[in-house]
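By convention here, the first residue in the shown sequence is residue 1.
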Amino acid sequence: MSFTPAPWPRRLRSQEWYAGNSRDTIYHRGWLKNQGYPHDLFDGRPIIGILNTWSDLTPCNGHLRELAEKVKAGIWEAGGFPVEVPVFSASENTFRPTAMMFRNLAALAIEETIRGQPIDGAVLLVGCDKTTPSLMMAAASCDIPSIVVTGGPMLNGYFRGERVGSGTHLWKFSEAVKAGEMTQEEFLEAEQSMSRSSGTCNTMGTASTMASMAEALGMALSGNAAIPAVDSRRRVMAQLSGRRIVQMVKDDLKPSDIMTKAAFENAIRTNGAIGGSTNAVIHLLAIAGRVGVDVTLNDWDRCGRDVATIVNLMPSGEYLMEEFFYAGGLPVVLKRLGEGGQLNKDALTVSGQTIWDEVRDVVNHNEDVIRPLERALTPQGGIAVLRGNLAPNGAVLKPSAASAHLMQHRGRAVVFEDIDDYKAKINDEALDIDETCIMVLKNCGPKGYPGMAEVGNMGLPPKVLRKGVTDMIRISDARMSGTAYGTVILHTSPEAAAGGPLAIVQTGDMIEVDVAARRLHLDLSDAEIAARLAAWTPIHERAASGYAFLHQTHVEGADTGADLDFLKGCRGNAVGKDSH
């Protein structure tokens with residue numbers, strides 16, 4: 001893609017606050033000078049907002065203040081004026097009922113932070129799962145030059161000589177305790193091994209997936225996604241990104257120039273190649289909706305179906321993000337996609353170069369971590385989009401994390417009306433369930449939970465686990481952690497709380513799953529489904545006020561990104577009226 005830089009010098013939006021000698025200009029400029037800034041810094045140079053999602057309650061991002069100092073150094077070096085701005089940090093670790101409920105609130109708050117302040121360009125300092133999409137959504141809505149700097153993954157965990165993947169082994173060890181294969185004391189001992197340094201999950205969970213999506217979209221410098229949080233090269237990346245954003249402002253290189261349809265296709269294929277999180281589906285749909293690019297579930301199936309999963313990382317494989325970085329990281333994956341004709345090579349990146357120019361000469365240093373196509377983990381990775389009378393608007397499944405013997409299956413539904421119903425019944429030895437059944441969870445979607453929590457990877461009943469069974473088909477309108485695994489069908493749309501067919505499934509109904517045929521079918525007649533829906537009444541909790549009310553009233557379905565309906569599209573960065 002060709003890009004023509006804007007002329008420089010020119011008047012930037014920050015000069016609406018700081019240029020000239022009017023009363024209002026002196027008001028804005030004078031107050032900022034109380035921080036010790038000399039007058040000549042207000043000479044029209046780019047003012048760069050470092051949007052920092054650091055928080056003590058977002059441990060994945062606990063080191064971002066240190067990275068912010070490196071970003072500042074790069075901005076000063078390039079002749080810019082850095083201003084660090086703390087922004088809403090939607091922590092996956094702490095927010096209830098789910099961080100997903102607050103992704104849109106964060107995006108809204110950050111969008112207005114950008115638009116309402118003297119910021120010419122933005123460094124999106126992110127890490128934890130929802131911080132990356134929320135800041136990218138905000139940047140897309142404002143369309144000012146922006147660059148993503150990720151905090152990076154934590155170091156490998158080890159427990160008794162075994163690699164421990166954050167999240168992935170939490171689910172594994174929890175099930176082992178229920179199966180009687182691990183003691184509670186051993187589980188507590190393993191806890192100390194799961195998170196042994198600063199950074200995000202060390203698996204190909206949602207944080208590492210979204211870091212990879214930002215790089216594949218062209219919104220981060222090449223190599224950004226995989227550098228460990230505590231590696232000195234992570235700080236170098238932050239400083240280089242600080243330098244680069246200044247030139248991006250001078251060139252007026254914006255998110256809308258970079259995040260094109262071709263770029264989204266690259267990201268979708270990359271997600272398949274890395275065995276990325278199903279959460280990427282919702283986040284990329286939402287980002288595309290903000291930048292005004294038409295991306296749908298059909299694009300996910302079209303672009304991802306024939307992409308092999310070649311990155312051998314948990315939860316799909318055996319290694320962790322450290323090994324991925326040492327092997328060459330995402331640039332190696334992008335190069336392999338390009339060599340296989342699965343990369344739009346002319347897509348532009350924040351470097352000002354095409355994505356192919358960035359990766360064409362990289363080297364793979366470990367072909368067991370990033371495998372050749374003939375040794376792929378899954379010949380057809382990507383995200384499988386299933387449709388049928390149970391999911392008219394679609395549902396998703398991650399083939400690389402699923403069990404081959406369950407990819408075509410017919411089973412009896414065992415239904416849980418909501419998460420509380422599941423928790424009350426799942427450990428009951430009298431529950432009529434075996435490994436041939438299909439577990440169905442309702443009312444856990446965007447409206448129903450509310451917020452669409454990561455509860456779709458329901459733990460199996462203890463009596464099934466004791467047989468040595470480790471996987472069953474699970475269907476819900478919920479999400480699951482990117483660190484999780486199993487034959488889990490998610491994001492069933494329309495959701496139960498919105499009156500989708502999932503709402504009327506009953507225990508004993510038969511369900512057919514055929515992943516190859518992309519089919520998800522409830523064995524009932526159209527007349528029976530219609531009759532049940534006519535008699536259905538919602539049971540999910542409904543908020544009467546506050547943000548929860550706003551969210552439930554305006555959130556769209558998972559099939560279009562679960563954004564708030566009034567936030568779709570780009571609203572630009574026009575400077576508002578003066579405040580005095």
Side-chain angles (χ1 to χ4, degrees), residues 12-14 16-17 46-55 58 61 64 83-91 95 99-149 210 213-214 217 219-220 245 248-249 252-259 264 282-293 295 350 446 451 546-547 550-551 553-556 560-577 579:
L12 299 175
R13 68 188 305 272
S14 61
E16 297 298 320
W17 282 261
I47 295 181
I48 308 299
I50 303 170
L51 307 183
N52 193 347
T53 53
W54 169 86
S55 166
T58 308
N61 298 11
L64 293 190
V83 288
E84 186 176 354
V85 183
V87 295
F88 194 119
S89 185
S91 171
F95 261 115
M100 181 61 185
M101 180 171 164
F102 301 101
R103 181 202 68 178
N104 299 334
L105 178 60
L108 173 59
I110 297 162
E111 172 184 342
E112 299 304 337
T113 295
I114 294 171
R115 186 178 295 111
Q117 299 201 78
I119 294 173
D120 300 311
V123 176
L124 314 181
L125 202 50
V126 298
C128 190
D129 296 12
K130 305 304 174 295
T131 60
T132 304
S134 63
L135 266 67
M136 292 183 71
M137 290 161 69
S141 291
C142 294
D143 205 28
I144 67 168
S146 303
I147 191 170
V148 173
V149 177
M210 290 311 298
M213 294 298 93
L217 281 168
M219 286 293 293
I245 187 61
M248 288 176 64
V249 171
D252 198 28
L253 179 57
K254 305 179 298 296
S256 59
D257 298 314
I258 296 165
M259 291 195 288
F264 280 99
I282 289 181
H283 298 324
L284 260 64
L285 289 172
I287 294 167
R290 295 294 188 96
V291 82
V293 175
V295 178
V350 290
Y547 175 68
L550 180 70
H551 175 88
T553 304
H554 290 282
V555 71
E556 296 187 331
T560 58
D563 200 357
L564 301 184
D565 52 19
F566 61 86
L567 294 179
K568 301 291 281 290
C570 177
R571 280 167 293 286
N573 54 69
V575 176
K577 295 179 181 179
S579 55

- Task: Mind running side chain to side chain contact (heavy atoms under 4.5 Å, CB included) on M136 and L124 for me, showing each step along the way?
- Result: CA-CA 7 Å; M136 292 183 71; L124 314 181; 4.2 Å; yes
- Query: Roughly how far, to the nearest 0.5 Å, is CG of L64 from CG of L51?
  - Reply: 12.0 Å
- Rounded to the nearest 0.5 Å, the CG atom of D252 sits from the CD1 atom of I144 at a distance of 10.5 Å
- Message: To the nearest 0.5 Å, what is the distance between CD1 on I282 and OG1 on T560?
- Response: 9.5 Å
- Item | For the student: nearest non-hydrogen atoms of T53 and L125, plus distance | OG1-O, 2.7 Å
- Message: Going by side chain to side chain donor-acceptor pair (under 3.5 Å), name the pairs with one or both residues in residues 127-139, residues two or more places apart or in two chains.
- Response: E92-K130
- Task: Flag the pair I114 / N573 as yes when at least one side-chain heavy-atom distance between them is below 4.5 Å, and no otherwise.
- Result: no
- Query: Between Y547 and L108, is any pair of side-chain heavy atoms under 4.5 Å apart?
  - Reply: no
- For the side chain of D120 and the backbone of P46, is there at least one donor-acceptor N/O pair under 3.5 Å apart? no
- Query: Which pairs with one or both residues in residues 110-138 pass ring pair (Phe, Tyr, Trp, His ring centres under 6.0 Å), sequence neighbours excluded?
  - Reply: none
- Would you please name every residue forming a side chain to side chain contact (heavy atoms under 4.5 Å, CB included) with S55, sequence neighbours left out? L57, T58, S89
- Item | Pairwise side-chain contact, S146 with M219, heavy-atom cut-off 4.5 Å (strictly under) | yes
- Message: How long is the straight-line distance from CD1 of I50 back to CD1 of I119, given to the nearest 0.5 Å?
- Response: 10.0 Å
- Message: Could you check whether any side-chain heavy atom of I258 comes within less than 4.5 Å of a side-chain heavy atom of L253, counting everything from C-beta outward?
- Response: yes
- Item | Nearest non-hydrogen partners of A138 and A107, listed with the distance | CB-O, 3.5 Å
Side-chain donor-acceptor distances from residues 283-290 under 3.5 Å, at least two apart:
unit_1: H283; atom_1: ND1; unit_2: R103; atom_2: NH1; d: 3.1
unit_1: R290; atom_1: NE; unit_2: D563; atom_2: OD2; d: 2.7
unit_1: R290; atom_1: NE; unit_2: L567; atom_2: O; d: 3.1
unit_1: R290; atom_1: NH1; unit_2: S141; atom_2: OG; d: 2.7
unit_1: R290; atom_1: NH2; unit_2: D563; atom_2: OD1; d: 3.3

- Can you name the residues that form a side chain to side chain donor-acceptor pair (under 3.5 Å) with N52, not counting sequence neighbours? E84
- Query: Hey, is the main chain of A562 close enough, under 3.5 Å, to the side chain of N104 for a donor-acceptor pair?
  - Reply: yes
- Item | Minimal non-hydrogen separation, L550 against F566, with atom names | CD1-CE2, 4.0 Å
- Note on the structure: Rounding to 0.5 Å, atoms SG (C570) and NZ (K254) come to a distance of 9.5 Å
- How many angstroms lie between CE in M210 and CG in L135, if you round to the nearest 0.5 Å? 11.5 Å
- Message: Strictly by salt bridge (Lys or Arg N to Asp or Glu O under 4.0 Å), give each pair with a member in residues 132-146 just once, sequence neighbours left out.
- Response: none
- For A99 and A90, the nearest pair of non-hydrogen atoms, with its separation, is CB-O, 4.0 Å
- Message: Applying side chain to side chain donor-acceptor pair (under 3.5 Å), can you list everything that pairs with E16, at least two apart in sequence or on another chain?
- Response: R11
- Query: Does S256 use its side chain to pair, donor to acceptor, with the backbone of V291 at less than 3.5 Å?
  - Reply: no
- Message: Can you list everything that forms a ring pair (Phe, Tyr, Trp, His ring centres under 6.0 Å) with F88? Sequence neighbours excluded, please.
- Response: F95
- Residues forming a salt bridge (charged side-chain N to carboxylate O under 4.0 Å, His left out) with R115, sequence neighbours excluded: E111, E112
